[in-house]
Amino acid sequence: MSPNIITEAGVSTRLNQWWSSTPFITSGVTIICAAIYLVCLLVGYDSYAEICFLPSAVASHFQVYRFYTSVLFHGSLLHVLFNMLTFVPLGTELERIMGSVRLLFLMFLLATTNAIFHLIVAFLVDYNPLYHVSYLVDECSIGFSGVIFSMIVIETSLSGVQYRSVFGLFNVPAKWYAWILLILFQFLASNVSLLGHLSGILSGFAYTYGLFNYLLPGPSFYSSIEGLSMLSVCVRRPGFILCTGGTTYGQLPTHSNMSTPPRRTSTVQTSTNQEQEDPRFPGRGRTLASTGTEPTAREANANLHARLLDNSTPSELLTNSQHTAANTVRADATVTADQTDTFDEELKKLVGMGFERTQAEVALAAADGDPNVAIEILMSQQD
């Protein structure tokens with residue numbers, strides 16, 4: 001029987017679209033972890049004791065490099081596959097909110113703090129006066145799952161949901177979600193590092209509670225990195241997402257503006273509220289699955305369509321849309337009216353040419369508003 005070509009093509013197309021929608025840093029980390037595992041497999045490298053996180057070796061020989069090598073190496077195909085399939089949706093959500101450079105710095109920070117927590121807990125348990133548990137300081141841990149557990153805590157805090165589904169079987173309170181996963185993995189899988197996952201959870205909560213705020217650089221740090229000439233090729237990639245304030249063209253794509261905005265009246269975000277923005281969760285779309293707090297020209301258009309459905313009079317529509325547009329300009333002082341209009345006009349042209357709106361917006365932002373460069377980026381995605 002001949003294979004179903006249409007079905008196979010459909011699956012291939014969907015996988016390609018899923019991967020092409022993955023942002024730059026998330027896809028890059030996934031490729032690096034997979035490539036490292038394949039190289040180790042091909043050359044027969046299995047000396048994980050040299051690169052794993054080993055508390056006794058770190059403390060006695062100050063082998064700090066283990067903080068990061070242990071994160072990138074994996075012990076089996078199932079190990080790297082499961083970790084990366086879990087990481088891609090988490091990294092995609094956080095990268096679209098924070099920006100590519102900010103997410104890269106966050107993962108570096110989490111890998112460092114996870115290792116520090118791992119060290120502290122291991123030696124506290126080993127040298128406690130009540131009962132010595134020495135095997136933890138000699139436990140060799142590898143894998144990206146520690147950082148993943150930190151990101152689970154951060155993403156759950158960002159989402160604002162009250163309950164989370166565990167493998168689609170049952171719901172648990174969101175504040176207990178990471179702890180439930182920690183316990184389940186200990187029972188469902190073998191050779192799982194309890195302390196490595198626990199350290200990730202501790203780092204995630206420390207970040208969400210603002211304990212790492214003094215370690216987080218300001219927006220100028222990320223903008224200066226994005227402006228480096230040696231990174232211009234990366235910055236212009238369609239999957240690269242600039243940090244908030246890094247571009248003056250429109251609103252960067254987040255989970256919030258990929259869904260249809262609800263029918264509501266836009267509100268004005270004052271400069272005072274903007275100055276009080278939480279540095280842990282930067283950007284306009286800090287809360288997942290929300291509509292954001294700053295009105296944009298796209299929201300103005302959505303409100304205009306909503307009023308059309310409500311059978312408002314033409315004069316009322318014109319007045320309301322003018323007020324909403326005025327509020328939009330006042331809400332974002334860094335974006336001039338001409339720049340916003342130009343961006344929206346070019347975006348409409350790209351959508352009219354048949355490109356998907358979200359991809360066109362990302363490409364146009366990456367191209368600094370140049371429609372010709374944006375078209376090249378979009379065409380390269382379709383190749």
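Keep in mind it's a predicted model, so treat the numbers as computed, not measured.
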Check your understanding: So among T86, L181, L198, which one has a side chain to side chain contact (heavy atoms under 4.5 Å, CB included) with F149?
Key ->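 Output: one option passes, namely L181.
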
Side-chain donor/acceptor of [X] to backbone N/O of [Y], under 3.5 Å:
| X | Y | value |
| --- | --- | --- |
| E361 | L347 | no |
| S47 | E50 | no |
| S157 | V153 | no |
| H118 | P55 | no |
| R102 | M98 | yes |

Review point. Can you tell me if S203 and T113 form a side-chain donor-acceptor pair at under 3.5 Å?
Key: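 On atom types as modelled, these side chains qualify, holding a pair under 3.5 Å.
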
Practice item. For the residue pair T112 and Y68, confirm or rule out a side-chain donor-acceptor distance under 3.5 Å. Key: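 On atom types as modelled, these side chains qualify, holding a pair under 3.5 Å.
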
With side chains defined as the heavy atoms from C-beta onward, is the minimum distance between [X] and [Y] less than 4.5 Å?
| X | Y | answer |
| --- | --- | --- |
| V101 | L231 | no |
| I183 | F187 | yes |
| C234 | E226 | no |
| F105 | Y222 | yes |
| I51 | Y48 | yes |
| V58 | F53 | yes |
| I25 | M107 | yes |

Practice item. Assert yes or no for the condition that the ring centre distance of F82 to F185 is strictly below 6.0 Å. Key: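 Yes.
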
Point to revise | Closest contact, heavy atoms only, E95 versus L103 | key: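 It is CB-CD2, 3.4 Å.
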
Check your understanding: Which residue, S199, S150, S141, forms the side-chain hydrogen bond (donor to acceptor under 3.5 Å, both in side chains) with N114?
Key ->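 Answer to the side-chain hydrogen bond (donor to acceptor under 3.5 Å, both in side chains) test with N114 among S199, S150, S141: S150.
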
Review point. Are L106 and F205 linked, directly or through other ILVMFWY residues, by side chains that come within less than 4.5 angstrom of each other?
Key: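 Yes.
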
Exercise for review: Kindly work out whether a path of hydrophobic side-chain contacts (I/L/V/M/F/W/Y, heavy atoms less than 4.5 Å apart) joins F108 to F240.
Suggested key: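 Shared cluster, no.
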
N/O donor to acceptor pairs below 3.5 angstrom from side-chain atoms of residues 28-41, sequence neighbours left out:
unit_1 : atom_1 : unit_2 : atom_2 : d
T30    : OG1    : T26    : O      : 2.8
Y37    : OH     : L77    : N      : 2.9

**Study point:** Y163 atom OH, neighbour heavy-atom count above 12 within 6.0 Å
**Key:**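 Count not over threshold, so no.
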
Check your understanding: Hey, are E155 and R164 close enough for a salt bridge, meaning a charged N less than 4.0 Å from a carboxylate O?
Key ->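 Salt bridge between E155 and R164, a charged N being under 4.0 Å from a carboxylate O: yes.
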
